[in-house]
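Heads up: numbering here begins at 1 and tracks the sequence.
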Amino acid sequence: MLHILPPPVSTRIGFDLNTIDLTNEEEFLWLKALIWPEHNERLLLFEQAADYIKDSALHLVEGDGAQLISEHAMNIPGESVICIFHTHVANQIPKEAQKQ
């Protein structure tokens, strides 16, 4: 059986208008409080993701990712491939900004 491994990740950068530091207990608890009490699976996934983030090299940048990505992409190693991932919030971005 052939096992294909994903390429190694050289750099992780997160852009957000309001970054949240999960190593800060107050910010962690605030974000956790946004999960509805009956959503046990979401709570478990959040806690697992938070633990992963606390132990991972992730650089968070506060600001408009669409405006900042070019500047930060220049610092990515040349042999790396840039992969952009976004969440469902993209539908909240004005159409003109989406085009940019």
Side-chain angles (χ1 to χ4, degrees):
M1 174 181 254
L2 178 64
H3 293 283
I4 299 175
L5 298 174
V9 175
S10 63
T11 308
R12 287 182 173 90
I13 304 172
F15 297 98
D16 202 318
L17 295 176
N18 180 34
T19 59
I20 296 174
D21 179 3
L22 293 178
T23 63
N24 177 303
E25 186 69 12
E26 188 173 305
E27 292 189 31
F28 169 80
L29 291 173
W30 176 84
L31 192 57
K32 184 176 175 178
L34 297 177
I35 300 172
W36 296 355
E38 66 273 15
H39 290 192
N40 295 324
E41 184 177 350
R42 285 181 63 207
L43 180 60
L44 177 63
L45 289 172
F46 168 75
E47 289 175 340
Q48 289 173 345
D51 286 342
Y52 176 80
I53 292 298
K54 289 175 185 176
D55 296 333
S56 298
L58 173 65
H59 177 63
L60 296 176
V61 178
E62 195 158 302
D64 185 338
Q67 293 178 359
L68 297 171
I69 195 165
S70 295
E71 170 189 339
H72 288 272
M74 291 177 14
N75 297 320
I76 305 280
E79 65 276 3
S80 297
V81 174
I82 296 175
C83 175
I84 299 172
F85 173 81
H86 67 83
T87 63
H88 70 279
V89 298
N91 66 353
Q92 298 174 18
I93 299 172
K95 291 291 182 200
E96 190 57 39
Q98 288 180 19
K99 291 176 186 176
Q100 291 175 353

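For H72, the side chain to side chain donor-acceptor pair (under 3.5 Å) test picks out no residue, with sequence neighbours left out. In this structure, the side chain to side chain contact (heavy atoms under 4.5 Å, CB included) partners of L60, at least two apart in sequence or on a different chain, are T19, L58. With sequence neighbours excluded, the residues forming a side chain to side chain contact (heavy atoms under 4.5 Å, CB included) with E38 are W36, listed by chain and number. Listed by chain and number, the residues in a side chain to side chain contact (heavy atoms under 4.5 Å, CB included) with S70 amount to none (sequence neighbours excluded). For L5, there are no side chain to side chain contact (heavy atoms under 4.5 Å, CB included) partners two or more places apart in sequence or in a different chain.
Cluster note: L2 groups with I4 through ILVMFWY side-chain heavy atoms spaced under 4.5 Å, whether in direct contact or through intervening members. With a 4.5 Å cut-off between side-chain heavy atoms of Ile, Leu, Val, Met, Phe, Trp and Tyr, the cluster of L17 takes in none.
Criterion: ILVMFWY side-chain heavy atoms under 4.5 Å apart, direct or through other members. Under it, I69 and M74 are not part of a common hydrophobic cluster. The same ILVMFWY cluster, assembled from side-chain heavy atoms under 4.5 Å apart, contains both L43 and I20. L34 and L44 are assigned to two separate hydrophobic clusters, defined by single-linkage of ILVMFWY side chains at heavy-atom distances under 4.5 Å.
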Could you give the side-chain donor-acceptor pairs of residues 8-16 under 3.5 Å, partners two or more places apart or in another chain?
{"residue": "S10", "atom": "OG", "partner": "S80", "partner atom": "OG", "Å": "2.9"}
{"residue": "R12", "atom": "NH2", "partner": "Y52", "partner atom": "OH", "Å": "3.1"}
{"residue": "D16", "atom": "OD1", "partner": "N18", "partner atom": "N", "Å": "3.1"}

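Applying the salt bridge (Lys or Arg N to Asp or Glu O under 4.0 Å) test to pairs two or more places apart or on separate chains, none has a residue in residues 61-71. Among pairs with a residue in residues 23-37, those fulfilling salt bridge (Lys or Arg N to Asp or Glu O under 4.0 Å) read K32-E47, at least two apart in sequence or across chains.
Counting non-hydrogen atoms of other residues, nucleotides and ligands closer than 6.0 Å to CD of E41 gives a total of 12 or fewer.
Between the CG atom of D55 and the OG1 atom of T23 there is a distance of 11.0 Å, given to the nearest 0.5 Å. Between the CG atom of D21 and the CD1 atom of I53 there is a distance of 11.0 Å, given to the nearest 0.5 Å.
F46 approaches L22 most closely through the heavy-atom pair CZ-CD2, 4.3 Å.
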